[in-house]
Amino acid sequence: MEKMKRTNTCGELRLKDKGKTVTLNGWVHRHRDHGGIKFIDLRDRYGITQVVIDADAEENLKNSAHELKFEYCIAVAGTVRPRPQSMINSRMPTGDIEVQAEKIQILSKCDVLPFMIDERSDAREELRFKYRYLDLRSFSMQRKIKLRHEITFAVREYLKDKGFLEIETPTLIKSTPEGARDFLVPARLFPGKFYALPQSPQLFKQILMVSGFDKYFQIAHCFRDEDARGDRQPEHTQIDIEMSFVSKDDIFKVIEGMLYYVFKKTLDIELKIPFRRISYTEAMNRYGSDKPDLRYELYLKNFNNFVEKGEFKAFKAVLEQGGAVKALVAPGCSSFSRKQISELEETAKIYGAQGLAWMKVTETGLEGGISKFYNSSAEKIKETLGAKTGDLILFVGSDWKKACTSLGAVRAKLAQIEKLIPKNTFEFCWVTDFPLFEWNEDEKKWEPAHHMFTMPQEQYIESLEKNPGDVKGDLYDLVCNGVELASGSIRIHDPGLQERIFKIVGFSEEEAKKRFGFLLEAFKYGPPPHGGIAPGLDRLVMLMAGENTIREVIAFPKNTQGVSLMDETPSEVNEQQLRELHLKVLKEE
RNA sequence: GGGGGCGUGGCGAAGCUGGUUAUCGCGCCGGCCUGUCAAGCCGGAAGCCGCGGGUUCAAGUCCCGUCGCUCCCGCCA
């Protein structure tokens, strides 16, 4: 039997189409059988149209309608007719009309569903992933996948318009040291040798700069063999960008313009640009995070000055060891119970704080917790911290970074508890002036905070080696609502400077040559000054879709174990394959 | 690598300090019903309570182990 091909989609018929003979193809979203009259909600990705089988329809038609179950894929031919006045459904775009069925063809049947294709379906993620094809049928998933397409398309439009070229770089590349763990691919033709999947197209995009493609971009897949999180999984997509002859301001401008365009085009939201700029140090000091959430106004304050005058020994000890004591005023939270405070303390402890000290602000002064140690400076404390009667003040003393991040975590928790976070706002900022190096206590050596091709800021170049810890890099993050959206830097293009950096991070010339000799070689031939950035596409779409995990905006995501539940990846391979690849699987203990 | 949470018919949940026959909603099967749109009504089927061990007269419930999922710390240049 010939398949009945659609003349229209399920989302387009309106009153003006009345009287038309149409054929629709789609899935049985719902069916309501009233004995006489029957209704079918027919769904495709464009919408839902109600199909009616009248009570006086021929027996044949009624029988085939009776057969229909959820998610049967069917074709319906019939006539568009207006619904009776009182039956109009204003919640449906097609709610003014219905299609009076004349013929129904079942294109394929559907087993009993593991979960309903429904906006309200609350099937757990595990199940949704196993049956992702069904999950993706829901309008909410289709909306997100479509939004992703539109965002990606707008990015391409904008960048092309600005003169960028989209250039593909290889997926099978050389394994490079540092950074995340590589995914390796055994090379069949070279026993014992491996390709690696790119953690990013970093080296290739820099080489493209050497080649003179001064504005490059790529929607690039990146692979990192690390544990997944809500905003990260083993493979992700980034909008990889690199430019020559630019300073970071030029790069900021491109990204600001791009995001303005993308938000306007896809969500009709006008972002305020340029974005705020916050130094790493300020972000840590004020927000307790290098990816500050600016949607709410709770600020960490410095409490060091009061520690001297107070009697609290634990804090004094912290300062003697070179640490810091940070304070956070929780407005109107003096009614918090011990239990509530200790829950906040748990949050602080997760981030390495020893504890969470507190005091309450009352009419007469400070009360409870550690207040007795600071009675003499109560007024001054209130004034300096901006605390008012009815507030709760929270403290963490630790090394500076831990004090900031753990109290920053408390800040975030508090904002959540007190419902301080406004919905549907996007607060962007650039975080700048990151340290170039970080001290690795385990291995007793300096490590690049970003990557080792990052340019130190001008004023530090001369005395790099003296105090590596003080050196700030020409590197920057783009943050939105507490999510790190992009990371980038101006790169080193001077081989001499590059060598000095290698030396500081304990990278021998020999090792450097072996690993990225090709880049260093390329840099001998007139490399332009250049820099770049790479916004994470998944995270951008996640934020724009109002989701908290990138898995909601990836068509076929992996779970937190890095497993694709639908196709059961990763999987074992057979002996033959292993032999060809010169591999042997070791038995775990 | 470490910590928290969860695992009960196909799905989502309830099941208290252990105590009759494991409950509810959705779905499924059958029937009734001419205007519904999360249709309604009547009836029915469907459970190794993740898995293994232990405590007990008695375990979905307590203990130990294990597997899976999830959130977080670490990790993620």
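Throughout, protein chains are lettered first and strands after them, A, B, ... in sequence-line order, and every chain is numbered starting at 1.
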Report task. Could you give the distance separating B/rU70 and B/rC33 at their P atoms, to the nearest angstrom? Result -> 48 Å

Query raised in the report: Would a line drawn from the ring center of A/Phe516 to the ring center of A/Phe453 be shorter than 6.0 Å?
Result: yes

Query raised in the report: So does A/Arg30 pair up with A/Asp41, basic N to acidic O under 4.0 Å?
Result: no

Report task. Return the nearest nucleotide to the side chain of A/Asp227; candidates are B/rA39, B/rU70, B/rG74. Result -> B/rG74

Report task. Please state the C1' separation for the pair B/rG9 and B/rC28 - nearest whole angstrom. Result -> 11 Å

Report summary line: A/Asn548 CG to B/rC71 C1', in whole Å, measures 11 Å

Query raised in the report: The side chain of A/His34 lies closest to which of these nucleotides: B/rG35, B/rC75, B/rC37?
Result: B/rG35

Report task. Sort out the partner of B/rC49 for me: Watson-Crick or G-U wobble, both distances under 3.5 Å, none otherwise. Result -> none

**Report entry** Watson-Crick/G-U partner (both atom distances under 3.5 Å) of B/rC32
**Finding:** B/rG40

**Report entry** Interatomic distance at C1', B/rG27 relative to B/rC72, whole Å
**Finding:** 35 Å

Report summary line: If pairing means Watson-Crick or G-U wobble with both distances under 3.5 Å, then the partner of B/rG68 is B/rC6

Report summary line: The nucleotide from B/rC11, B/rC29, B/rC37 with an atom nearest the side chain of A/Asn89 is B/rC37

Report summary line: Any strand, both distances under 3.5 Å, Watson-Crick or G-U wobble: B/rC57 pairs with B/rG19

Query raised in the report: Stacking here means centres under 5.5 Å and planes under 30°; does A/Phe39 stack on B/rU36?
Result: yes

Query - Aromatic ring proximity A/Phe223/A/His236, centre distance under 6.0 Å - result: no

Query raised in the report: Taking atom P in both B/rC73 and B/rC57, what distance in whole Å separates the two?
Result: 47 Å

Query raised in the report: Can a salt bridge be assigned to the pair A/Asp399 and A/Lys401 using a cut-off of 4.0 Å between side-chain N and carboxylate O?
Result: no

Query raised in the report: Expressed as a whole number of Å, how far does the C1' atom of B/rA13 sit from that of B/rG18?
Result: 22 Å

Query - From B/rG35, B/rC71, B/rA38, nucleotide with atom closest to A/Met87 side chain - result: B/rG35

